[in-house]
Amino acid sequence: MKSEKGLTFISTAILVVIIALLTFGVVYFVRLQLNKGKNEDIKTDILLVEARVQKLSSEYILEKKEDILVGTKLTEMEEEQLVKEFLEKELFDPKEKGAKYYVLNQENINEMKLENVELEKDSYYIVDYTSSKVYYTKGYSDDEGEVYYTVEKDTQEQTSKEKVESTQKKEENKQEEKKEEKKK
């Protein structure tokens, strides 16, 4: 009888270890899936902000009114700790000639009518209205753990963006020509 008790205790211990390993495995897998979902949400939000920035940028190009651009100029926020830390990563040159870098907070996002986009606490979007590029100060990571601060598009999307920009420039040139003709 003693050997049966020992065998039962060992099998119970093995069973508990197996259940614990399965539980930890399931928890790990669920966490991975939640992180993937969160990263996809961040990328989607960045793309939504980028689309709105492109629209505002186009309006700015046509009307040449600085008040169209939403946010706070980057130069006015360079001393803010979160912005300062982000700029130390040197992802772009904030003093680039012709660039219009602005910092967006949640209030600015809401002003852009993007109420579904929610910034995490202690984070900003930094946007360049000339290139319509959007940076997320907290970043997000991929499956390998590499951190990204903007959404990189494939070459097809780059090409179609270039086509849109080309079309916009042609349209602007036509409008300028019409204005010049009216002046004559």
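We use all heavy atoms of the structure for the numbers below, so side chains are in, but hydrogens, waters and symmetry mates are not.
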When you measure from the side chain of S123 to the backbone of L119, do you find a donor-acceptor pair of N or O atoms at a distance under 3.5 Å? no
With a 4.5 Å heavy-atom cut-off, do M112 and L104 have their side chains touching? yes
Applying side chain to side chain donor-acceptor pair (under 3.5 Å) to E85 and not counting sequence neighbours gives Q81
Please, which pairs that meet salt bridge (Lys or Arg N to Asp or Glu O under 4.0 Å) have at least one residue in residues 98-116, sequence neighbours excluded? E66-K100
Does the side chain of L74 reach to within under 4.5 Å of the side chain of L87, using non-hydrogen atoms? yes
Path from V127 to L48 over hydrophobic side-chain contacts below 4.5 Å: yes
Just to verify, what does L91 make a side chain to side chain contact (heavy atoms under 4.5 Å, CB included) with, not counting sequence neighbours? F86, K89, Y135, Y149
Name all residues meeting the side chain to side chain contact (heavy atoms under 4.5 Å, CB included) criterion together with I18; count only those two or more places apart in sequence or in a different chain, and write none if there are none. I14, L22
Looking at side-chain heavy atoms only, is the closest gap between L34 and R31 below 4.5 Å? no
Would you say the side chain of K73 lies within less than 4.5 Å of the side chain of E78, judging by non-hydrogen atoms? no
Please check this pair: side chain of S141 against backbone of E146, looking for a donor-acceptor N/O pair closer than 3.5 Å. no
Under the side chain to side chain contact (heavy atoms under 4.5 Å, CB included) test, residues paired with I19 that sit two or more places apart: L15, T23
With sequence neighbours left out, the residues meeting salt bridge (charged side-chain N to carboxylate O under 4.0 Å, His left out) with E118 are none
Hits for side chain to side chain donor-acceptor pair (under 3.5 Å) against N105, two or more places apart or cross-chain, chain-then-number order -> none
I'd like to check the side chain to side chain contact (heavy atoms under 4.5 Å, CB included) partners of E90; sequence neighbours left out, ordered by chain and number. none
Under the side chain to side chain donor-acceptor pair (under 3.5 Å) rule, collect the residues that match up with E40, sequence neighbours excluded. K43
Would Y148 end up clustered with V49 when hydrophobic side chains under 4.5 Å apart are linked, directly or stepwise? yes
Contacts of type side chain to side chain donor-acceptor pair (under 3.5 Å), residue N108, not counting sequence neighbours: none
Cluster check V147, V134: I/L/V/M/F/W/Y, side chain < 4.5 angstrom: no
Residue pairs fulfilling ring-ring contact (aromatic ring centres under 6.0 Å, His included) with at least one residue in residues 108-134, sequence neighbours excluded: Y102-Y129, Y125-Y136
Indicate yes or no: at least one non-hydrogen side-chain atom of T137 is less than 4.5 angstrom from one of I126. yes
ring-ring contact (aromatic ring centres under 6.0 Å, His included) pairs touching residues 27-75, sequence neighbours excluded, are none
Looking at N116, I want to see if its CG is surrounded by more than 12 non-hydrogen atoms of other residues, nucleotides or ligands under 6.0 Å. no
